[in-house]
Peer 1: 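Before I ask anything, here is the structure I am working with.
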Amino acid sequence: MAQFMEKMLNAQFSRRQFLKGSAAATAAVAGLSLAGCGDSTLNESTAESTKAPESTKAPETTAPVEHSPIINPEEGGTWVSAACWHNCAGRCVNKVMVKDGMVVRQKTDDNHEDSWEYQQQRACVRGRAQQQQCFGNDRLKYPMKRKNWQPGGGDKTNGHLRGVDEWERITWDEAFKYVADEIKRVYAAYGPGSCMARTGDCSKHILALMGGYTSYADTTSYGTYCLNVNKLGLPAYDLNKANDRMDLKNSDTIVFYGGNPAWASAGSRTWNFMQAKKSGKTQFVVVGPSFNATASTFDAKWIRVRPGTDTAFLLGVAYEMLALDKEKGGIVDWDFLNKYTVGFDKDHMPEGAKLNENFQDYVLGKYDEIPKTAEWASKICGTPVEDIKWYANEMRKDKAVSILHSYAHARNRNAEDIPQLFMTIGCMGGHYGKSGHSCGAMYASAAGNSGPNLVKAGGAGLPAAPGNACDLRLNGPTMWQSILTGKANNNADYYSAKYNAADIRDVNVKMMYWDGDARLQTSPDLTNGIKVMRQLEFVCTNAQFLTTQAKYADIVMPVTTLWERVGGFLTGNRESLFVWTKVTEPLYEAKDDVDICRGILKAMGMEEEADKLWPISKEQQFYNQIAGCTVINEAGDAYETLVTITQADIDEMGVEGKPQEGKISLKQFLADGCYTVPRKEGDNYGFIGYKDFIDDPEGHPLSSDSGKFEIYNDWKADILNSMGYSPAGTFKPYPTYTVAPEGYETTFKDGIIGGEPSEYPFLCYNPHYLRRSHSVFDNCPWLRETWPNPVFLNKADAEAKGIKTGDTVKVYNAHGAILRTASLTNIIMPGCVGVPHGSWLNYDDKNQVDRGGADNVLCGPVISGMGVTGYNNYNCNFELYDGEPLAPDVENTMTQITL
Ligand SMILES: Nc1nc2c(c(=O)[nH]1)N[C@H]1C(S)=C(S)[C@@H](COP(=O)(O)OP(=O)(O)OC[C@H]3O[C@@H](n4cnc5c(=O)[nH]c(N)nc54)[C@H](O)[C@@H]3O)O[C@H]1N2
Ligand SMILES: Nc1nc2c(c(=O)[nH]1)N[C@H]1C(S)=C(S)[C@@H](COP(=O)(O)OP(=O)(O)OC[C@H]3O[C@@H](n4cnc5c(=O)[nH]c(N)nc54)[C@H](O)[C@@H]3O)O[C@H]1N2
Ligand SMILES: [Mo]
């Protein structure tokens, strides 16, 4: 395959040359111009409004594009389709010029002219800085062992030194043996479940073969939409059932709810909404605690809502819609409610309802004497009363409204009723199943473009991997506490009806194998996470850098990036499929996860098991995926073969296969790195979510028991009440307001709104940030320079504490303390503090403060409802830091290990 790639793309890879040139690498690759991007006083909106990210740039204003040459003779280098694999939603087209084994330039999709119909899939600033990540000086080069750790458990572990110990270089054979022996020892001594791991391509195979492992999960992206919302009549996570992008211009109003696609949906996604903007008739609305970059890009009306208080806001909207309807009519779509929903009022209850209560009477205050008026809601959510009324009027049935949400408002404690309530507002306005009307997610790569994928990759042809025989799955926010206390409420099935609150299990975790995610860094309760790391008998990781979890490990094994692997596919968006090929041979001694897994299995005497897991070569797996690619036909009713493959291609790849006819040659496909289906007005690929149900509700019922939208649903109440995280009876079958254990009310002493402020009187939320994809890229100097690591503070709040932009601020609460650089702004609500997500921990043990500013030092193990993680409604306070201030962020370069 290496030979094939070399021939096909005429690349000249040489690790030797890279090593020789690696000292100069950072300087050499710095050719990418980021001029004008170094804004050290970034605030949450103006960074975007003054300088649109790649994702929001108008194609009309870009220079004419040239077609992608496989070889650029002027440069003497070779363009290669490279992976952009990070979890920041775009996974866009990324091409690199390789010269003398080094990447010297990057570009993005220039395969064809850009147009609204036929969009280029452009990479963002992060993707374009990736050469600096993959070839970074801080890449882990060799397997390493923590100096004061010795195998065998007991005192020789010296666990207290994790995170501060020194490292020594070891060979791969030594690394494999240490890990293999420790796994065997821990399993023999403590049994399955004593080892904790998750999704990695390495650990999960080894540990499944050993009899299972304790896993962990949390509600991350989707928050409370992780509940089985199928029961309410919604698709899983409420995803992919809004309308497709061609329909957006038919909306009078587009609401961006709890989302910020201009920052969080990388690539060309934000562009989807631009056609509606250009139509001149669409009103954009942003709902959330900040006038974010998306609001600024679309000149949206900002409806302010405090983090974690959307249930109150939306109940206020429901009340005011009813009031306006009574007053002037034409607001609530009663025909829609009566035909397509159950549980809105007493005349439309589902069969067998256990409780004689309904949503409308709750909103009107019949059960608790509290009408959920705009005035009632405003006290909680902070939205001006007139804005709640304005929003209620805007949701009216004769307006074409697209109510599109991400999940920031669901990543909150006590946001359990958000999915049902959000849906209820959509139903009240009748905004489902019609052109211009939609209600659903605008998440990640599907932002503004729902519908089935038009182009898909084939399968790799690998056998099913062994399952995990141990079903204990710890809940993210409380997992460290579960290990510390030895008990867990097993939430393995919190997505389904199988959940049983009485299922309290013993937890006996003794070792941790980290690969595939960064959950020490990205899960709440990080300071207890460190405590746990320091008490385990063994911690190992496959890592590309000295990430937080590598720092606290005993054995660290350097893993390749996707630029060093054979090739593969990344899910793009419904119109595009992304394929990538190898950029360089593995750097230094890095190996991929599969080869690390093989090495460990071999050291355990289980080599045959590895052959069963991967019976075919990596080249054959890649080939199978390519050969199996399919694309929608013109009629939009069937999928056809995508890639033309000749016998010569097959011979060059050294794989088994049969020639086939498709729409694009293999060489062109790999050179393009992408296949995009062109769209046009009136084509057969348009998608209006729920249209089949609206046209024929009996013939196409929804996934709920009644086949309708369930505004009353006993299952929801029963399962949430059974979980044992909230007091019994907290949740009703219809959406209601409940007070979060840590949220707005707890910013006051005694939890009384308007009373005396509590010790932590601010409400903290975590925007997903341009510098990083979660924790990834935080070590990239270009991006550190481009996007600093601020804390967004309301100007008046900060000035009252004598803080100005650029000051080092300590943000703290009962769970921990971090340092960040102040960025004062008027575009975040008073009382709110925005801590951009994902910067790497750099904990100062002496002063008990994290100089890295990691959000999860502050986000604690406080849960309720379904155990949702509360990234966006935790409490904090802040003050000017009186210790050593932070150096300019770009000077805080990341740890480099020289052994
Ligand atoms: N650059 C970059 N892009 C990313 C990621 C990344 O780390 N970096 N991560 C990716 C992933 S996995 C995810 S899940 C997505 C997340 O994508 P989003 O959900 O869009 O991201 P957030 O930045 O958390 O929130 C978006 C906006 O919601 C508002 N908001 C915050 N809390 C609340 C609330 O309680 N209620 C309301 N109404 N609004 C609120 C904030 O003002 C913020 O501007 O981003 C993806 N894309
Ligand atoms: N406080 C707070 N916490 C949050 C959030 C928040 O808003 N606030 N957001 C949450 C959300 S929505 C999400 S989706 C999660 C994301 O949480 P994670 O998935 O844990 O985040 P990443 O930083 O993307 O971690 C990916 C890791 O995998 C490594 N990696 C990449 N490729 C490979 C490979 O091929 N092999 C191996 N072995 N490793 C590889 C990367 O170097 C990186 O360390 O974070 C959640 N955490
Ligand atoms: Mo996420």
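Values below: all heavy atoms of this structure, side chains included; hydrogens, waters and symmetry mates excluded. Both ligands and their constituent atoms are indexed starting at 1 by order of listing.
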Peer 1: Provide the number and element of each atom of ligand 1 under 4.0 Å from a heavy atom of Ser406.
Peer 2: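 That gives atoms 17 (O), 18 (P), 19 (O), 20 (O) of ligand 1.
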Peer 1: When the ring planes of His405 and Tyr225 are compared, do they come out parallel, tilted or perpendicular, using 30° and 60° as the limits?
Peer 2: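 Parallel: the ring planes of His405 and Tyr225 meet at under 30°.
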Peer 1: Out of all atoms in ligand 1, which are within 4.0 Å of some heavy atom of Val287? Include the element for each.
Peer 2: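 Going through ligand 1 atom by atom, the ones under 4.0 Å from Val287 are 37 (C), 38 (N), 39 (N).
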Peer 1: I need the contact type for Ser773 against ligand 1. Using non-hydrogen atoms and a strict under-4.0 Å cut-off, is it side chain, backbone, both or neither?
Peer 2: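 It is the backbone that gets close, since no side chain atom is under 4.0 Å.
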Peer 1: So, the side chain of Asp855 versus the backbone of Asn766: is there a donor-acceptor pair under 3.5 Å, distance only?
Peer 2: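 No, Asp855 side chain to Asn766 backbone: no donor-acceptor pair under 3.5 Å.
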Peer 1: Quick one: which ligand 1 atoms are inside 4.0 Å of a heavy atom on Trp263?
Peer 2: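 Per the distance check, 1 (N), 2 (C), 3 (N).
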Peer 1: Within the 4.0 Å heavy-atom shell around Asn412, which atoms of ligand 1 are there?
Peer 2: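 So the answer, numbered in order with elements, is 34 (C), 35 (O).
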Peer 1: Quick check: His774 and ligand 1, any N/O pair under 3.5 Å apart?
Peer 2: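 Yes, there is a polar N/O contact under 3.5 Å.
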Peer 1: Show the atoms of ligand 1 that are less than 4.0 angstrom away from any heavy atom in Asn766.
Peer 2: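 It comes down to these atoms of ligand 1: 24 (O).
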Peer 1: Can the ring centres of Tyr237 and Tyr443 be said to be less than 6.0 Å apart?
Peer 2: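 No, they do not, as the ring centres are separated by 6.0 Å or more.
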Peer 1: Ligand 1 and Ala264, any nitrogen or oxygen pair closer than 3.5 angstrom?
Peer 2: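 Yes, at least one N or O pair falls under 3.5 Å.
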Peer 1: Check if Gly200 has a non-hydrogen atom at a distance under 4.0 Å from any atom of ligand 2.
Peer 2: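 Outside the 4.0 Å threshold, so no.
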Peer 1: Are any of the N/O atoms in Asn856 less than 3.5 Å from those in ligand 2?
Peer 2: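 Indeed, backbone or side chain, Asn856 has an N or O that close.
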Peer 1: Report yes if Ser775 has an N/O atom closer than 3.5 Å to an N/O atom of ligand 2; otherwise report no.
Peer 2: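 Looking only at distances, the answer is yes, because the N/O contact criterion of under 3.5 Å is met.
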Peer 1: Angle class for the His774/His837 ring planes (parallel below 30°, perpendicular above 60°, tilted otherwise)?
Peer 2: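 Ring orientation of His774 relative to His837: perpendicular.
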Peer 1: Asp855 to ligand 2: N or O pair under 3.5 Å?
Peer 2: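 N/O-N/O distance under 3.5 Å: yes.
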Peer 1: Do any N/O atoms on Thr220 end up under 3.5 angstrom from N/O atoms on ligand 2?
Peer 2: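 Among all N and O atoms of Thr220, none is under 3.5 Å from an N or O of ligand 2.
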Peer 1: Does some non-hydrogen atom of Arg411 fall short of 4.0 Å from ligand 1?
Peer 2: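 Right, Arg411 reaches ligand 1.
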Peer 1: Backbone or side chain, does any N or O of Leu562 fall under 3.5 Å from an N or O of ligand 2?
Peer 2: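 Leu562 vs ligand 2: no N/O contact under 3.5 Å.
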Peer 1: What do you reckon, does Asn87 have a nitrogen or oxygen under 3.5 Å from a nitrogen or oxygen of ligand 2?
Peer 2: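 Between Asn87 and ligand 2, no N or O pair is found under 3.5 Å apart.
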